[in-house]
Number of protein chains: 2
Amino acid sequence: MKEVAELAGVSRSAVSRTFTDGASVSARTREKVEKAAKALGYRPSLIARSLATNRTKLIGLVANNFQNPAFLDVFDLFTSELQKRGFRPLLVNLSGDTSPKKFVELLKQYSVDGVIVATSTLPTSFANAFQTAGIPVIHTFGKFQANANVHVVGIDNEFCGSMAAQTFAERGYKSVALLGGPETATSTQDRAAGFVKTSEQLGLRVVKTCFAENYTYQAGREAMHEVMDGEDVEAVFCGDDLICMGAMDAARAAGKAIPEDIGFLGFNDIAMAGWDAYALTTIRQPIRDIIMSSVELVVGMVENPARSPEIRLFPCSVIDRGSLRPITGN
Amino acid sequence: MKEVAELAGVSRSAVSRTFTDGASVSARTREKVEKAAKALGYRPSLIARSLATNRTKLIGLVANNFQNPAFLDVFDLFTSELQKRGFRPLLVNLSGDTSPKKFVELLKQYSVDGVIVATSTLPTSFANAFQTAGIPVIHTFGKFQANANVHVVGIDNEFCGSMAAQTFAERGYKSVALLGGPETATSTQDRAAGFVKTSEQLGLRVVKTCFAENYTYQAGREAMHEVMDGEDVEAVFCGDDLICMGAMDAARAAGKAIPEDIGFLGFNDIAMAGWDAYALTTIRQPIRDIIMSSVELVVGMVENPARSPEIRLFPCSVIDRGSLRPITGN
DNA sequence: AGGAAAATTGCAACCGGTTGCAAAAAAATT
DNA sequence: AATTTTTTTGCAACCGGTTGCAATTTTCCT
């Protein structure tokens, strides 16, 4: 930097200012500095800038579900959106270890400007910990609460559960089952609640309620055995497409035809749901919107940390493929 | 830091030294400092440290294939392995824009300690650009060359192509086709070369050679129409599982049974290859080994940048499921 | 042209650590 | 006990930028 300043015949401040937007520099000075900078191949060091400004342009993404294809979209969008805005993503892989303390410390040491906690399988206290530590945080896919003290971007899981019941009712199903994701996830609980409640209202019998151990094909497959073990069910609402596909294969392996003998309704609408071999009817969660909104929000918070906690919910919709029978005329 | 020093009754150097391992501090001083630090909730700022040491403990991961499930493993392992070693991952999403200049600048500004370029769809010059810029770089999934001047970790694509031909020959296939990934990818070219060469040697006829536009189900599906358009083929070697699954569904839609009417051999062994609906026989690329090795190598380079370029290749193996007919006695 | 207002510039302090060097203290040796 | 060797410690400079403030220059008015 000093060299650039000398070559351009100006002070270091001038150099700094040409590379800081919004700073006051005359056109002539800027030109001189830019020429000198180019000649010397100079770029300001973001590290040094961070130290001085106390801003790093780094946003942490905390996730614990690295094996679900749904997260491909998350990673893709998160990185490209941040990039577009001049920020950078710092990934934190939470698999296994979920004590907030350690990670709060970590992200604090790296002085990230903000954090997106993208998970529905962790207690809300996890995201809150960042808040308490003074780090702007968005809880994406999180549980929203009226007395929120943290930004939440996601969907109304309870309503989605209702939607599933509604979908079943429209197609004339009478006895149905729930095959949720991990039971401890708030999203699972909320969806289950909505599903059961609305099923009752619509006169559906929820014959069975099971939960897969995690969001995997294998877990879905195994849990499906439990569903099939007992009274017959006409349709199953799954907590995740991956789980659903495992369940479908378990059903097929048991000789059942889809949707003739048993129907399936998934959740998320991952790419594979559209594949011929599954043609899964599923509730689509607008992941793109959710991530874009989260990024926008976290960047907004960096600029104005005092912004009061906001809840942003996006609508889900049923994507009709072939794993449920068609809507009955009634 | 100053406060901690005062509270502990020592100099700032002493504080710095207690938090730098390998530094010379007496047990008494360390204790005093640690007590004071705890009382004040102090942690050294990594930013400031980076500025002083010129080391950031940040490793860049440059990728351009965020939609392939194979990359879930990459992200998972990359982040968790780095984490384990006290480094942090900085993701760079290359989708679309592939001019090296910009990204070299970017990573230089962030002063990453090293970069892993994980892609086979970019020219080797891309990875080299980092090298020239003085940034330690590993080209993962890259093309290896005898006169390498950059570290490469991956597989022997040409040999894998041969392996595919071998696999077809063992099962008595006579006329086969190649349905590769994007034609410009070095991995595609190498696999094609190996496949064609060994096919000839073994007396197989390569009836058709096509390339999918990108690594997606849809592209595979479309490209398969081209393969089926013309002389009959008994088996298809696909450049990627995703492409292969699309191709399989196109074949099924055309009324062909797998493996009775047509056989498929995939590449990568992604999770979905094991799903009942596809039961794909595929060549497994040991992604875990490749990533772990890349991480180890890049961290090694940070410690000793002069390390001379190394090529690390891992063996692939055929995972036999149900999309090819069984090995003939012969 | 002269003066006021606005824009630009440089100075110097600061962000929060690290580290070479020399002095001081502790340990080892004779 | 005196001397030498080793270990610990603090000083002060440095990493590479930013920024409040006052001085200077430019622009605008009358």
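The model shown is predicted, which means the values in this text are computed figures rather than measured ones. By convention in this document, chain letters (A, B, ...) are assigned in the order of the sequence lines, proteins followed by strands, and residues within each chain are numbered from 1.
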Where chain A begins and ends its contact with DNA chain C, read 5' to 3' at 4.0 Å from heavy atoms: dT8(C) to dG16(C)
F130(A) ring center near F103(A) ring center (under 6.0 Å): no
Pairs satisfying side-chain hydrogen bond (donor to acceptor under 3.5 Å, both in side chains), at least one member in residues 110-121 of chain A, at least two apart: T56(A)-D113(A), N64(A)-T119(A), N64(A)-T121(A), T119(A)-T121(A), S120(A)-S187(A)
With sequence neighbours excluded, residues passing salt bridge (charged side-chain N to carboxylate O under 4.0 Å, His left out) with R12(B): none
For R49(A), all residues meeting salt bridge (charged side-chain N to carboxylate O under 4.0 Å, His left out), sequence neighbours excluded: none
Those residues of residues 12-31 of chain A lying under 4.0 Å from DNA chain D by at least one heavy atom: R12(A), S13(A), S16(A), R17(A), T20(A)
Counterpart residues, side-chain contact (heavy atoms from CB on, under 4.5 Å), relative to T132(B) (two or more places apart): none
For N304(B), side-chain contact (heavy atoms from CB on, under 4.5 Å) partners two or more places apart: A306(B), R307(B)
Integer-rounded Å distance: dG10(D) C1' and K32(B) NZ: 13 Å
Sequence-distant partners of Q109(B), side-chain hydrogen bond (donor to acceptor under 3.5 Å, both in side chains), two or more places apart: none
side-chain hydrogen bond (donor to acceptor under 3.5 Å, both in side chains) against K38(A), all qualifying residues, sequence neighbours excluded: none
Touch class at under 4.0 angstrom, heavy-atom based, for R55(B) against every strand present: nothing
